[in-house]
Amino acid sequence: MSEDVSIPISQRASVNGASFSSDFFKGLNPEQADAVRSTEGPVLVLAGAGTGKTRVLTTRIAHILAQGLAKPWEILCVTFTNKAAREMRERTTRLVGPSAEGLSNLGTFHSIAAQMLRRHAELVGLKSSFNIIDDDDQTRLLKQIMEARRIDTKRFPPKLMAHFLDQWKNKGLTPDKVAKMTADEGAQFAFNKGPELYAEYQERLRVLNACDFGDLLLHTLKILTEHPDILEHYHRRFKYVLVDEYQDTNIAQYLWLRILTNANRNLCCVGDDDQSIYGWRGAEVDNILKFERDYPGARVIRLERNYRSTQHILSAASGLIRANSARLGKTLFTDQEGGEKVRVQGLWDGAAEAQGVAEDIERLKKQGRAYSDMAVLVRASFQMRAFEERFLMLQIPYVVVGGPRFFERAEIRDAIAYLRLIQSEDDDLAFERIVNVPKRGIGDATVQKLLMQARLAGQSVMAAVRDLVQTDELPARAKTPLVGFLRDYDRWVAALKSTAHDALLDMVLTDSGYYDMQRADKTSGGTRIDNLKEMMNAMQDFENLEAYLEHVSLVMDLERDNGENSVRISTLHAAKGLEFPVVFLPGWEEGVFPSQRSMDENGLKGLEEERRLAYVGLTRAREIARVSFVANRQVFGRWTSQIPSRFIDEMPIEHVEATSQTGYTQAGWQSQESRWDRAGYQPNHTKSETKTEGRFSDRLSGVDMSRLEKKPQPHRQPAAKPQPSKGLSVGTRVFHSKFGYGHVVETEGNKLVVNFDISGEKKVIDSFVEKA
DNA sequence: TTAATCCAGATTTTT
DNA sequence: TCTGGATTAA
């Protein structure tokens, strides 16, 4: 989110000097200053890409503090990600010094809601020690509920139900409200059992003393609605409310903000409708579009001066986004004249594309650019593979953003489940995860019996186990290991008081035989144990177990790979808020980007969101943006003909420089037309339109489409020119990727076998072998 | 309880 | 084409 120019030293010097507040305004343009200064009443700041959004927010906080308008804890400032929150805190600290530490209400929607909910948990039937479950637990819980009701989980996948559940929660709908929506697709789930399942799910969560992410908001919303005294308290407390990335709020978040800002309307929302790319996750662009209606008398301030990109890049992006209908409209401008035009290149296939990008990278590197100045941004993660392989071959260091995350690793989740169970005995989901990990001879059948018993008795599974062990209802084969498990468990709980929590985990893992199990497993190569050690290290930073668990459930972003000097390969979504001098945007083909599925499922709305994604991609670039597409692409192992994305045509030609090595085939064109037909869309350019003056597609390959022969061409790349893999001999260490460090174990012609130390995975790379 | 086999599904992802 | 989840057999 380093969206703007760094703060001049003169301002940093003005730390904690309330009387120097005017210094904050130095270097701000008039609109930015206006946005900072308008502290009375509701304000919407429409901040285009690269216009200094974060700077406005942080300066605004600094200004409020410096003017003595509020104490640090009287400012509510919400973001979406922990990263954004962290950055906001850091940058505010730079402006106002240590007093920024007191900003206790600066955080993500979820962390702030969790804070509030812990304080009033009993009002919604929870204990304040409640656990926060993730979507894996959510799905498993749903599955249990459905199986207990004898719903065919094959016909009605719990995953799908979980999806509906999320959608309802995003919209702030409670089970009773859903029950009335008979037309709703989710409500009709499994023969209209949607609402029932929802209700039972909520009830089960209450019994488990747990809640999911959506509940954090919904429960607080409920408390605020039903308890005017509490609401009153927060109204008095939050004198100023600031919201980052307002275009990404969903309805629940909207309602939550609404109620919190009702009486006190010093609300400042910052966002950009053109960068709303999370619609599929419940974000409502409408929230930002109707802000003025929601808050009558609101001021709308547009930030249109872009400090990031050159003229050509900005104009290409603006031209593109102009094709969208649902937008408030902004015209970005910059002082940075000229620069390189956006280059669009057509290539034969994915391998050629990766090769082209890699060559460009090496060329730019020779011209003195750092690898970390460059990024490859793709639509979907499967597109990353080709680049990884190529980069590996040429020894270009790279980092993949969004690989398997630390907390999603099985061993970490197991350890957390143990801790959760120790923290709260009611946590059946944690119990289920670890009763038989490592294997204790407690099989599925036994677990099912326990769950059933617990449900019948209306108690938690641990309680049920305690009871059952006293009786003779269980066969000795199941009973003995359970008794052993209980004994261990009780010892751990007792140890919780006397032992540091990281040492406790070590004890748990030793006693339970988890370490032994991992050591016995040769495939992991000891890295799992390293991960666990790493986790214990991290635990030391927390007061107690409870604090740590809160952290992991909400702040799952430990251990980010920080590729110091590496090219970044990332999805477009994950690149939001970042910027790079050089950006490569491969895979701009109809059906890939814009994604066919997105258009099929959401029609025009989906297409417009894809277009915003393209806009986000282009505007990440400071100096160089290079778009590419291919004529042939392998999708799910099948070769398909592609045609360039309509987005390519939508960039104004005068800001684009087109080159093509191969052009594209008539076959591709045709197959795309029929694809459009089937989906009921009108392509932006039809055959007759191809002749339109200045259209990119004309210049592209210099081929008259109508004269190309009809029969499909074989999708073979003319001649693969083998390149020697430079200096990659057996034993060479290859840098970090999402697979971790690795060593070359075998080279043979074009084939390269790499053994990755961290995952234990062996990967064969043969990017030069021709694919028929 | 574990290993072998079959089969649908295969964007984006934070909390 | 590849993969993980579920079913089936041993």
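A note on names: the letters A, B, ... follow the listed sequences, proteins ahead of strands, and every chain is numbered from 1. Just so you know, these numbers use all the heavy atoms, side chains as well, and skip hydrogens, waters and symmetry mates.
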Legend entry - B:dT12 phosphate, OP1 or OP2, under 4.0 Å from A:Ser381 side-chain N/O: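 Answer yes for this pair, as a side-chain N or O of A:Ser381 is under 4.0 Å from OP1 or OP2.
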Inset, instruction - Check whether any side-chain N or O of A:Asn82 sits under 4.0 Å from OP1 or OP2 of B:dT15, and answer yes or no. - result: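 Indeed, a polar side-chain atom of A:Asn82 lies that close.
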Inset, instruction - For A:Arg440 and for A:Thr571, locate the closest nucleotide of DNA chain B by heavy-atom distance; then report the residue assigned to the nucleotide nearer the 5' terminus. - result: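 Going by which nucleotide is closer to the 5' end, it is A:Arg440.
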Inset, instruction - With DNA chain B as reference, determine whether A:Thr446 or A:Glu609 sits nearer its 5' end, using the nearest nucleotide of each. - result: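 The answer here is A:Thr446.
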Legend entry - B:dT13 base / A:Arg281 side chain donor-acceptor hit below 3.5 Å: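 No such pair is found, so the answer is no.
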Inset, instruction - Send over the distance from A:Gln138 CD to B:dT15 C1', rounded to a whole Å. - result: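 Rounded to the whole Å, the gap is 12 Å.
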Legend entry - Distance in angstrom units between A:His163 NE2 and B:dT11 C1', rounded: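 Interatomic distance, NE2 of A:His163 to C1' of B:dT11: 13 Å.
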Legend entry - Listed partners of A:Asp136 passing side-chain hydrogen bond (donor to acceptor under 3.5 Å, both in side chains), at least two apart: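 Once residues adjacent in sequence are excluded, the partners of A:Asp136 under the side-chain hydrogen bond (donor to acceptor under 3.5 Å, both in side chains) criterion are A:Arg413.
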Inset, instruction - Please determine if A:Arg118 forms a cation-pi arrangement with A:Phe130, meaning its NZ or CZ atom is less than 6.0 Å from the six-membered ring centre and no more than 45° off the ring axis. - result: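 Here A:Arg118 passes the 6.0 Å and 45° test against A:Phe130.
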Inset, instruction - Tell me whether the guanidinium CZ or amine NZ of A:Arg612 lies under 6.0 angstrom from the six-membered ring centre of A:Tyr615 and within 45° of its axis. - result: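 Judged by the rule, A:Arg612 and A:Tyr615 form no cation-pi pair.
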Legend entry - Out of B:dT11, B:dT1, B:dT15, whichever nucleotide has its closest atom nearest the side chain of A:Lys439: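 So the nucleotide nearest the side chain must be B:dT1.
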Inset, instruction - With heavy atoms under 4.0 Å as the rule, sort A:Asp212 into base, sugar-phosphate or nothing. - result: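 Result for A:Asp212 = nothing.
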